[in-house]
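Worksheet for the structure shown next.
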Protein chains: 2
Amino acid sequence: MSIAIENFVKAIYNNNSHNARNTKPGNIAKKLGISSAAATDMAKKLAAKDLLHYEKYQELQLTEKGKKMAMNIVRKHRLWEAFLFKMFDMSLHDIHKEAELLEHQTSDLLAEKISAYLGHPKFDPHGDPIPNADGKITTVDTSVALSQAIETKTYIISRLTSDDKEFFEFCAQHKLKYGNEVTVTKQFKKNKMTELSVNKNTILLNEDFSTLIYVNEINQ
Amino acid sequence: MSIAIENFVKAIYNNNSHNARNTKPGNIAKKLGISSAAATDMAKKLAAKDLLHYEKYQELQLTEKGKKMAMNIVRKHRLWEAFLFKMFDMSLHDIHKEAELLEHQTSDLLAEKISAYLGHPKFDPHGDPIPNADGKITTVDTSVALSQAIETKTYIISRLTSDDKEFFEFCAQHKLKYGNEVTVTKQFKKNKMTELSVNKNTILLNEDFSTLIYVNEINQ
DNA sequence: ATTAATTTTTAAGTTGACTTAAAAAAGTTT
DNA sequence: AAACTTTTTTAAGTCAACTTAAAAATTAAT
């Protein structure tokens with residue numbers, strides 16, 4: 001399976017994994033930086049390979065086979081993140097970029113060696129759970145993307161699933177970091193904006209960012 | 001630059017680095033497992049990119065730019081070999097295969113981190129020299145491929161630049177390993193065969209194998 | 001030095017992963 | 001519910017990296 005296919009399947013998995021809004025070709029295309037047309041083509045191709053279910057104009061859904069493939073790639077990505085984080089003094093952003101490349105060129109054998117070396121960790125440095133060799137996540141994850149959070153509720157940030165520098169800089173500037181409290185004041189469904197209050201400041205996030213920040217409800 | 005280009009340039013470098021016999025497209029194609037036609041096409045393309053000199057029916061020669069690129073890839077390959085060898089209990093054959101993939105997805109930054117972690121090693125586990133970050137090899141290498149060795153002379157094996165399992169198995173079977181003595185009894189120029197004596201046994205190698213075994217003359 | 005064998009090149013075609021532009025369907029607004 | 005906007009799909013085309021088969025050139029052999 002090619003790198004393009006692996007990235008496509010992974011993008012769907014990442015999008016679906018936290019009940020995100022939209023898993024149609026156009027949205028996946030946006031995440032991958034390709035045209036919608038290319039994504040539609042790819043979706044048809046992967047349906048023929050039994051990696052996902054495709055019906056015109058409907059949401060894309062991974063098959064069991066597709067999920068397994070996605071988990072395998074996600075596992076390698078997160079193992080590399082954890083490994084590079086432990087071994088070298090590099091920024092999380094740089095580590096993410098390296099893992100994004102290395103994940104596609106890593107045998108199951110090497111992944112297992114890395115996992116063993118790290119003592120089979122359950123989470124990567126972002127707080128994302130690492131699937132085991134069977135593609136199963138054994139930890140319970142109750143976090144949701146901010147885009148899915150409920151108005152008036154208060155949450156704690158559990159992770160930032162960053163893709164780019166801009167996002168990181170924005171988070172740093174607005175005190176959006178692991179462990180901090182945020183209260184969702186408004187969800188604008190039409191414009192897909194999320195308004196929140198952090199440290200008495202009000203922040204407005206568009207969907208690009210609100211789907212990258214995961215939070216847990218405060219139990220009181 | 002694509003992986004295909006990187007592998008092509010690397011194959012020429014590896015072929016040229018020890019005054020091997022033939023650097024025409026057909027031979028490079030053979031090493032890469034592609035057709036001669038594809039190799040000719042690629043050679044023309046890379047000539048246009050100023051990575052090599054191409055003239056019909058002549059040997060391919062890397063330009064300075066091409067050499068620099070090759071050294072960068074070779075550096076990453078050998079650093080990965082050294083790193084994986086140190087970190088994990090894996091066979092040299094498996095390590096080689098991983099390095100073959102990882103080398104193309106490794107930033108200069110990560111390569112430097114790996115190098116520093118290892119204390120900037122000069123050689124990989126096969127005995128191959130590791131170029132520095134500027135693409136220079138600072139150690140002196142007097143070894144030659146067995147295909148280039150001189151009749152009646154006795155040598156010590158300095159490294160096996162293996163690509164495949166078959167080769168490894170052959171070497172193990174015939175006591176061709178690092179540090180062992182071999183005497184070249186005959187070079188058959190026409191058939192490109194090399195005859196040697198190891199431990200009083202006579203071995204006949206074809207060009208596929210004799211170009212993968214590097215030896216140093218015994219100074220007496 | 002011809003002939004024969006081998007290798008390289010050219011030519012034409014395939015496949016995967018894209019693109020842009022237009023057509024079709026879906027979703028939204030009033 | 002009609003009109004407008006947005007999204008998805010279709011259609012046609014590009015580009016890189018291959019392939020096979022035939023033609024051209026080189027190399028080797030008698």
Side-chain angles (χ1 to χ4, degrees), chain A residues 1-12 15 20-61 69 73 100-101 104 187-193 206-208 211, chain B residues 1-12 15 20-49 51-61 69 73 101 104 187-193 206-208 211:
Chain A
M1 296 291 174
S2 69
I3 292 175
I5 291 177
E6 289 191 355
N7 278 330
F8 198 87
V9 167
K10 192 182 74 163
I12 296 173
N15 199 250
R21 282 182 177 109
N22 176 357
T23 318
K24 290 180 184 170
N27 195 38
I28 302 302
K30 206 167 120 197
K31 309 225 172 205
L32 294 173
I34 60 176
S35 69
S36 299
T40 300
D41 272 9
M42 185 62 101
K44 285 179 185 170
K45 200 169 99 183
L46 298 195
K49 286 186 196 288
D50 191 34
L51 288 168
L52 53 80
H53 298 297
Y54 171 72
E55 266 189 277
K56 274 190 188 183
Y57 304 105
Q58 301 310 121
E59 308 263 326
L60 303 176
Q61 276 191 300
M69 184 176 174
I73 305 158
E100 203 83 338
L101 300 175
H104 303 293
Q187 289 283 14
F188 298 96
K189 287 220 164 180
K190 299 289 152 61
N191 338 309
K192 297 175 180 173
M193 304 285 276
N206 71 1
E207 198 184 26
D208 288 340
T211 53
Chain B
M1 297 291 174
S2 70
I3 293 175
I5 291 177
E6 289 190 355
N7 278 330
F8 197 87
V9 167
K10 192 181 74 162
I12 296 173
N15 200 251
R21 283 181 175 109
N22 176 355
T23 317
K24 290 180 184 170
N27 195 37
I28 302 301
K30 207 167 121 196
K31 309 224 171 206
L32 293 172
I34 61 176
S35 68
S36 299
T40 300
D41 272 8
M42 185 62 100
K44 285 180 186 170
K45 200 170 98 184
L46 298 195
K49 284 186 196 290
L51 288 167
L52 53 79
H53 298 297
Y54 172 71
E55 266 189 276
K56 273 190 188 183
Y57 303 105
Q58 301 309 122
E59 307 263 328
L60 304 176
Q61 277 191 301
M69 184 176 173
I73 304 158
L101 299 175
H104 303 294
Q187 289 283 14
F188 298 95
K189 288 219 162 181
K190 299 289 154 58
N191 338 309
K192 297 176 181 172
M193 305 285 277
N206 72 1
E207 197 184 26
D208 288 341
T211 53

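Reminder, nothing fancy here: chain letters follow the sequence lines and each chain counts from 1.
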How far apart are the C-alpha atoms of B:L32 and B:F8, what are their side-chain angles, what is the distance that settles it, and do they pass the side-chain contact (heavy atoms from CB on, under 4.5 Å) test?
CA-CA 8 Å; B:L32 293 172; B:F8 197 87; 3.6 Å; yes
Under the criterion side-chain contact (heavy atoms from CB on, under 4.5 Å), I'd like the reasoning laid out for A:L51 against A:I5: C-alpha separation, chi angles, the key distance, then a yes or no.
CA-CA 10 Å; A:L51 288 168; A:I5 291 177; 4.1 Å; yes
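Rounding to whole angstrom units, NZ of residue B:K30 and C1' of C:dT8 are separated by 15 Å. The interatomic distance linking A:D41 (CG) with D:dT14 (C1') rounds to 14 Å, in whole Å. Regarding A:M1, its CE atom lies at a distance of 17 Å from the P atom of C:dT15, rounded to whole Å. We find that NZ of A:K44 is positioned 14 Å from P of D:dT8, with the value rounded to whole Å. The CG-P distance, from A:L32 to C:dT19, rounds to 10 Å in whole Å. Here the P atom of nucleotide D:dT8 and the CE atom of A:M42 are 17 Å apart, to the nearest Å. Between A:Y57 atom OH and D:dT9 atom C1' there is a gap of 5 Å when expressed in whole angstrom units. Across the protein-nucleic acid pair, A:E55 atom CD and C:dA26 atom P stand 12 Å apart, rounded to whole Å.
Dashed line: the shortest gap from a side-chain N or O of B:Y54 to OP1 or OP2 of C:dT9 is under 4.0 Å. Regarding contacts with the backbone of C:dT7, every side-chain N or O of B:S36 stays at 4.0 angstrom or more from both OP1 and OP2. The side chain of B:K56 contributes an N or O atom lying less than 4.0 Å from OP1 or OP2 of C:dT10.
Here CD1 of A:I28 is found 4.5 Å from CG of A:N15. Values are rounded to the nearest 0.5 Å.
Listed nucleotides C:dG27, D:dT19, C:dT8 differ in distance to A:K24; the shortest reach to its side chain belongs to C:dG27. Among the nucleotides C:dT9, D:dC18, D:dT9, the one closest to any side-chain atom of B:T40 is C:dT9.
Within the nucleic acid shown, B:A37 comes within 4.0 Å of at least one base atom, counting heavy atoms only. At a threshold of 4.0 angstrom between heavy atoms, the contacts of A:A4 are confined to the sugar-phosphate backbone, with no base atom among them.
Proximity of B:K31 to B:K10: side-chain heavy atoms (C-beta onward) are nowhere separated by under 4.5 Å.
The 5' end of DNA chain C is approached more closely, in terms of each residue's nearest nucleotide, by B:G26 than by the other of A:I34 and B:G26.
In terms of modelled atom types and a separation under 3.5 Å, the side chain of B:N22 and the main chain of B:N27 share no donor-acceptor contact.
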